[in-house]
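Because only heavy atoms are used, hydrogens play no part in the values below, and waters and symmetry mates are left out as well, while side chains stay in. All figures in this text were calculated on a predicted structure; none of them were measured in a lab.
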Amino acid sequence: MGTTGRGPVAQDPAGGNGRTEQESSAFRRTLAGLRLTFTSVVTGAAASAVVVGVILGRAPVFLTGGGVLLLLVLIGFVAGRRSPGPDAPPVTRTALARIEDLRATNGESADVPVEFRLTVAPEPADGRPAYRVVIDQHINLVDIPAYRPGGTAVVEYRPDEPWEVRIVTRPTPEWSRRAEAAEIDSAPASTLVENPGLGEGSWCVLVLFAFLAGAALVVLLFRGELFASDDAAGPASERPAVTSSASASVSASVSRTFTTSTTVSGPSSLLVLGRMRETVTELAERAGTSDVTALTVQERRMEIRGDSARPPAETLHVQMLPYELFPALVREARTTLGVRTPESWRIDVAPDPGAWQGVGPRVRVTVTGEEGTAHLDADATARIVERRPVAKAG
């Protein structure tokens, strides 16, 4: 490749400081992309944990997710407020370039955006061979005639990112003389350099995918409980089938006794938040009264019993019970009473006007497993008043 005055330097494209600087820049971009991806995954998982904690009523899950989100916000705030020393400006080099072609893309203002195809010929001391690049730059309409295909222009480029090239519209007298005297041969089309980084659209897709992946991970960890919650919260046509049975006997004059029960089939459980209150409301509507003498709740079965001959002190109003606290009582009984492998549980609620200073009814949770049977008693506010763990053999 011949030149006069100033031309491209023929060197091994794989060697020289330019390649090292370019690799360093690529490493920094990769590291920044990994940090962004990791932050997106953690943010998605934390946000999902907050939602899952609210749906399932799991305070530890909610607090963990909220704490991570708060930590990320604080890190971002501190990083934005700290005042490091001024960043060093990017290193640029001045060189000559052959204008292979140019095309104005718009002509509605004094500064016209022009697309240039250049052959950049770095200085021999830069250790970089000539290469091609395509750039877009605004050029004043008056100066456009100074740039023509085959002409020479003074440019600045970044050794670490050679695709970052800018035409110097007002070069120094020395560089102007060199540009007038130099004749630069075109570099091969195979030397065209482009920005290897991801575009803005690709970054957005990567961030979104990482966020969704983090959220999906938390959902998978709690999929069993969440699917049960979804069944309970879904439309009536999609809920598990409910079979009911009722029996009643009426005496000749004033007494009426009844037993109304319902069995829930499918994967859902009565421990799902809101399911107990919904089910007992349906049973009370079938029975025609909310005043009953006993209530029994199992994993997928609920039963109420009543007797109209009983005085009000010997009945309980099923709508006044704290059903939202019953799942916590069941968890407490299954984990603290010595039943390591609980197989079944049952809640029995009955009037007890004389117990615990007149605060009734009585709530008893019974847990059964291989180790035996254990009981936990609570009052009408779900406050535990007595524990009866499994008796130790001995």
Side-chain angles (χ1 to χ4, degrees), residues 21-91 158 160-161 163-164 194-235 268-269 271-275 277 322-332 335-336 382:
E21 294 169 344
Q22 189 170 346
E23 289 176 350
S24 176
S25 177
F27 174 77
R28 291 194 299 270
R29 289 195 304 271
T30 302
L31 187 61
L34 291 176
R35 286 200 301 265
L36 178 61
T37 302
F38 176 76
T39 303
S40 300
V41 171
V42 174
T43 303
S48 180
V50 171
V51 177
V52 169
V54 172
I55 294 176
L56 299 181
R58 302 279 292 272
V61 178
F62 173 82
L63 293 177
T64 300
V68 172
L69 286 178
L70 180 60
L71 180 62
L72 291 175
V73 172
L74 290 177
I75 292 175
F77 178 77
V78 172
R81 289 293 301 272
R82 68 181 183 179
S83 301
D87 294 335
V91 177
R158 294 179 55 177
D160 57 337
E161 297 181 354
W163 53 87
E164 292 290 341
E194 297 177 329
N195 189 345
L198 293 174
E200 293 182 1
S202 299
W203 278 118
C204 292
V205 172
L206 176 61
V207 170
L208 178 61
F209 178 79
F211 182 90
L212 293 178
L217 178 62
V218 175
V219 172
L220 287 176
L221 291 176
F222 296 93
R223 60 186 180 277
E225 297 176 73
L226 285 173
F227 292 160
S229 298
D230 291 341
D231 291 339
S268 184
S269 166
L271 289 178
V272 173
L273 186 64
R275 176 55 65 88
R277 186 172 297 280
Y323 296 102
E324 291 74 17
L325 302 179
F326 283 0
L329 290 178
V330 174
R331 287 196 296 269
E332 183 76 12
T335 57
T336 64

**OP:** Could you check if a side-chain atom of F38 sits within less than 4.5 angstrom of a side-chain atom of V42, using non-hydrogen atoms only?
**Re:**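 Side-chain contact under 4.5 Å: yes.
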**OP:** First locate atom CG of L217, then atom CZ of F222, and finally report the distance between them rounded to the nearest 0.5 Å.
**Re:**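 It comes to 10.0 Å.
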Closest non-hydrogen atom pair, [X] against [Y]:
X: E194; Y: W163; answer: O-CE3, 3.6 Å
X: A382; Y: L329; answer: O-CD2, 3.7 Å
X: V50; Y: L69; answer: CG2-CD1, 4.0 Å
X: A49; Y: G65; answer: CB-CA, 3.8 Å
X: A45; Y: V218; answer: O-CG2, 3.4 Å

Subject >> Short side-chain to backbone donor-acceptor contact, S48 and G44, under 3.5 Å >> reply: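 Between the backbone of G44 and the side chain of S48 there is no qualifying donor-acceptor contact (under 3.5 Å).
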